[in-house]
Student: 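Dropping a structure here in structure tokens format, bear with me for questions.
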Protein chains: 2
Amino acid sequence: MAATLPARAFHETVAARLRAAGQRYTPQRRSITELLAAGGSPLAMPAILEAVGGLTQSSAYRNLAVLEQVGVVRRVITDEDFAHFELTEELTGHHHHLVCSVCGRVEDVALPADLEARLDSSLDRLARRAGFASVRHRLDLIGTCRDCS
Amino acid sequence: MAATLPARAFHETVAARLRAAGQRYTPQRRSITELLAAGGSPLAMPAILEAVGGLTQSSAYRNLAVLEQVGVVRRVITDEDFAHFELTEELTGHHHHLVCSVCGRVEDVALPADLEARLDSSLDRLARRAGFASVRHRLDLIGTCRDCS
DNA sequence: CTTCCTGCAAAAGTTTTGCATTAAC
DNA sequence: GTTAATGCAAAACTTTTGCAGGAAG
């Protein structure tokens, strides 16, 4: 699930969001967003550090925090040692994750539109009944991938 | 979503699972499972330590690890500082979580049976097409709870 | 009497923060 | 020239582990 936007519009969007927060679109940040867009699945910190040459750990965390604040990056919750990061759904479109419980591999996957719509409205009704408002959902599939089974 | 089993059968089940692994159902472990059963939603470490008097942090983590290994407890993945723990679905039944993005409060919630069934079969088909086998799902609803909106 | 459990303290590991320097606007 | 970004090192934080003493079967 790479960026649904062409590269040019993608970078302009990111730059605009950063500018609006008084932040800059530095080369490091550009490398990070490009990497996340290219990967197509959440990346862990070691992979990010390895892929972006000359990137310090502290700078990586700081840049990802900034990108998260402006709605470009999302921290993905996993049960592994390192946090994973991906572009927000505003940039990539709504999707879910296929997680291999053996090797930890994560793949993006989209639901058929009709199922997604039905699920969404059902969940909205359910949540409202429980007193929760403006609900989004996070759906992960956990199984064993081709290589691990 | 407290235990669906009566207290007696519940404790016998837990004891049997521990025994089968050569482990004991000590008072501390009993307090922990009772607490998790009573709460009805995932609990974080500080809450567990506070609720179970005389429980050390290291013992808490160790006991929860043992209970996890024998399939009684599940570590819940969140984006908060401390890990959360709940009873496994084998003991409580399949359910999902309503998470308040403001205060972090977590509530258990079940989907209507027909939707759950439809979702499950759709996801199974989807996963198989992607080369994933024996898939379970994790569905969380994120919104703002009554008190925070 | 052997095996497991507990508490204390220290270690491990990821993530965050302080501070001086460098780069961007 | 003012404000933000970077790198290095040290700190903070949750979780894990070692070890000695105590409890359970």
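We name chains A, B, ... by the order of the sequence lines, and we start the count at 1 in each one. Here the structure is a predicted model, which is why all the values come from computation and not from measurement.
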Student: Going only through I, L, V, M, F, W and Y residues with side-chain contacts under 4.5 Å, is there a path from B:V72 to B:L18?
Tutor: yes

Student: Please report the distance, rounded to the nearest Å, between CD in B:Q28 and P in C:dC4.
Tutor: 17 Å

Student: It should be established whether A:S59 places a side-chain nitrogen or oxygen under 4.0 Å from OP1 or OP2 of nucleotide D:dT6.
Tutor: no

Student: Given atom CD1 of B:I77 and atom P of D:dT14, what is their separation to the nearest angstrom?
Tutor: 17 Å

Student: Atom CG of B:L49 to atom P of D:dT15: distance rounded to whole Å?
Tutor: 10 Å

Student: Grab the N/O contacts between the protein and nucleotides 13-22 of chain C below 3.5 Å, and write none if there aren't any.
Tutor:
| unit_1 | atom_1 | unit_2 | atom_2 | d |
| --- | --- | --- | --- | --- |
| C:dT15 | OP1 | A:A83 | N | 2.9 |
| C:dT15 | OP2 | A:Y61 | OH | 2.1 |
| C:dT15 | O5' | A:Y61 | OH | 3.0 |
| C:dG18 | O6 | A:R62 | NH2 | 2.9 |

Student: Answer yes or no: does a side-chain N or O of B:N63 lie under 4.0 Å from OP1 or OP2 of C:dC5?
Tutor: no

Student: In residues 12-26 of chain A, which residues come under 4.0 Å of DNA chain D by heavy atom?
Tutor: A:G22, A:Q23, A:R24, A:T26

Student: Using side-chain heavy atoms (C-beta onward) and a distance below 4.5 Å, is A:I142 in contact with A:C100?
Tutor: no

Student: Is it true that B:E90 and B:R17 have a side-chain N and a carboxylate O under 4.0 angstrom from each other?
Tutor: yes

Student: Between B:E116 and B:H137, is there a side-chain donor-acceptor contact under 3.5 Å, judged purely by atom types and distance?
Tutor: yes

Student: To the nearest angstrom, how far is B:I48 atom CD1 from D:dT15 atom C1'?
Tutor: 13 Å

Student: Using side-chain heavy atoms (C-beta onward) and a distance below 4.5 Å, is B:V99 in contact with B:T78?
Tutor: no

Student: Under a 3.5 Å threshold, yes or no: a donor from one side chain and an acceptor from the other, between A:H96 and A:E107?
Tutor: no

Student: Under 4.5 Å between any side-chain heavy atoms of B:D140 and A:D140, yes or no?
Tutor: no

Student: With a 4.0 Å cut-off on N to O distance, would you call B:R74 and B:E89 a salt bridge?
Tutor: no

Student: Roughly how many Å is it from CG in B:L67 to P in C:dC4, rounded to a whole number?
Tutor: 16 Å

